[in-house]
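Owing to the predicted nature of the structure, the values given are computational and were not obtained by experimental measurement.
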Amino acid sequence: MPLIYINAPVGTFEPAKRDELADTLTTIALDAESLPNTPFVRSTTWIYFRDYDDGTVYHGGKPGGRKVISIEVNAFQGGLDAMSKKKLISGFTGAIAKTLGLKQADLVPVYIVLRDVPTIDWGVFGETITLDDLRNPAADAAPI
């Protein structure tokens, strides 16, 4: 159930490519957290794209430069071990490269920050939720 923020300069992602990327990143995140890929669990993964206008993104202390993308991933503490984090970082980077039309050998301009959030600090609809709630949802759990 990661909560993901993707920060990029305006125009980095075409709208249709953004839709495809969000779907791909959701699948990668669920796989990395060992969560079931069900409509309910997919609906608990939220991705926010934040576009920044020219002059508001600085690279090396100056505006402009490469279109560097930063991704912030908030996940339940314990949901991602070291290998899962590497898998998520590699998968997200590959998905960004594909979306931008970059080749494997290209340096993909993406920074990824992972935050492990204790479940007691994660509220959903006025209550806390656990990783076990997501790994073992009710069979009839309707998407949010």
Side-chain angles (χ1 to χ4, degrees), residues 1-61 63 65-102 104 106-144:
M1 178 185 141
L3 177 61
I4 302 164
Y5 297 96
I6 300 174
N7 306 291
V10 167
T12 300
F13 301 107
E14 297 171 20
K17 292 286 188 178
R18 182 180 287 195
D19 294 346
E20 182 180 316
L21 179 61
D23 188 61
T24 299
L25 296 180
T26 297
T27 300
I28 292 167
L30 294 180
D31 182 55
E33 276 194 292
S34 299
L35 295 173
N37 194 348
T38 64
F40 168 72
V41 177
R42 285 186 77 79
S43 77
T44 67
T45 301
W46 291 77
I47 299 175
Y48 294 88
F49 284 87
R50 297 174 177 158
D51 291 329
Y52 292 90
D53 293 325
D54 290 339
T56 63
V57 178
Y58 287 73
H59 183 202
R66 291 186 63 152
K67 289 194 173 199
V68 175
I69 301 152
S70 67
I71 302 176
E72 304 165 44
V73 180
N74 297 280
F76 284 152
Q77 191 170 39
L80 295 167
D81 61 18
M83 290 304 295
S84 296
K85 288 178 181 182
K86 287 180 180 185
K87 183 178 183 178
L88 187 137
I89 290 169
S90 175
F92 275 25
T93 302
I96 296 286
K98 180 179 177 186
T99 299
L100 297 178
L102 301 174
Q104 287 286 6
D106 291 334
L107 183 62
V108 181
V110 62
Y111 287 77
I112 299 173
V113 176
L114 303 174
R115 291 190 184 91
D116 292 318
V117 180
T119 56
I120 193 66
D121 294 336
W122 200 299
V124 178
F125 301 123
E127 297 182 21
T128 58
I129 189 169
T130 69
L131 193 55
D132 190 55
D133 292 332
L134 293 173
R135 287 195 172 143
N136 302 295
D140 61 347
I144 296 172

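Taking 4.5 Å as the limit, every side-chain heavy atom of Leu25 sits out of range of all side-chain heavy atoms of Pro2. Side-chain contact check for Val10 versus Asp54: every heavy-atom pair is 4.5 Å or farther apart. Within the 4.5 Å cutoff, no side-chain heavy atoms of Thr12 are placed close to those of Asp51. Here the side chains of Tyr58 and Pro63 are in contact, with some heavy-atom distance below 4.5 Å.
The closest donor-acceptor contact from the side chain of Thr93 to the backbone of Ser90 lies at 3.5 Å or more, if one exists at all. Remark: side-chain polar atoms of Thr24 are paired, donor with acceptor, to backbone N or O of Glu20 under 3.5 angstrom.
We find the CG-CG distance between Leu131 and Asn136 to be 9.0 Å, quoted to the nearest 0.5 Å. Between the CG atom of Leu114 and the CD atom of Glu72 there is a distance of 11.0 Å, given to the nearest 0.5 Å. Atom CD of Glu33 is separated from atom CG of Asp81 by 11.0 Å, given to the nearest 0.5 angstrom. Within the model, atoms CZ of Phe92 and CD1 of Ile28 stand 6.0 Å from one another, a figure rounded to the nearest 0.5 Å. Note that CD1 of Ile4 and OG1 of Thr26 are 6.0 Å apart. Values are rounded to the nearest 0.5 Å. Between the NZ atom of Lys98 and the NZ atom of Lys17 there is a distance of 8.0 Å, given to the nearest 0.5 Å.
Across all non-hydrogen atoms, the minimal contact from Ile129 to Thr119 is O-CB, 3.4 Å. Here the closest non-hydrogen pair linking Leu88 and Ala29 is CD1-CA, 4.1 Å. Considering all non-hydrogen atoms of both residues, Pro137 and Phe40 come closest at CB-CD2, 3.8 Å. Closest approach of Lys85 to Asp116, counting heavy atoms only: NZ-OD2, 2.8 Å. Taking both residues in full, the closest heavy atoms of Trp46 and Thr44 are given as CD1-O, 3.4 Å, listed atom of the first, atom of the second, then distance. Taking both residues in full, the closest heavy atoms of Ala8 and Phe13 are given as CB-CE1, 4.0 Å, listed atom of the first, atom of the second, then distance.
For the side chain to side chain contact (heavy atoms under 4.5 Å, CB included) criterion with Leu134, the lone passing option out of Thr38, Leu30, Leu35 is Leu35.
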Worksheet item: Can you check side-chain contact (heavy atoms from CB on, under 4.5 Å) on Val110 and Ile69, steps first, answer last?
Response: CA-CA 5 Å; Val110 62; Ile69 301 152; 4.2 Å; yes
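Each salt bridge (Lys or Arg N to Asp or Glu O under 4.0 Å) pair with one or both residues in residues 122-144, not counting sequence neighbours, would appear here, but there are none.
For Glu14, the CD atom counts as loosely surrounded, since its 6.0 Å shell holds 12 or fewer non-hydrogen atoms of other residues, nucleotides or ligands.
A salt bridge is defined here as a Lys NZ or Arg NE, NH1 or NH2 lying under 4.0 Å from an Asp or Glu carboxylate O, and Asp23 with Arg42 meets this definition. A salt bridge does not link Arg115 with Asp121: none of the charged nitrogens is closer than 4.0 Å to a carboxylate oxygen.
The aromatic rings of Tyr48 and Tyr5 sit parallel, their planes meeting at an angle under 30°, below the 60° perpendicular limit.
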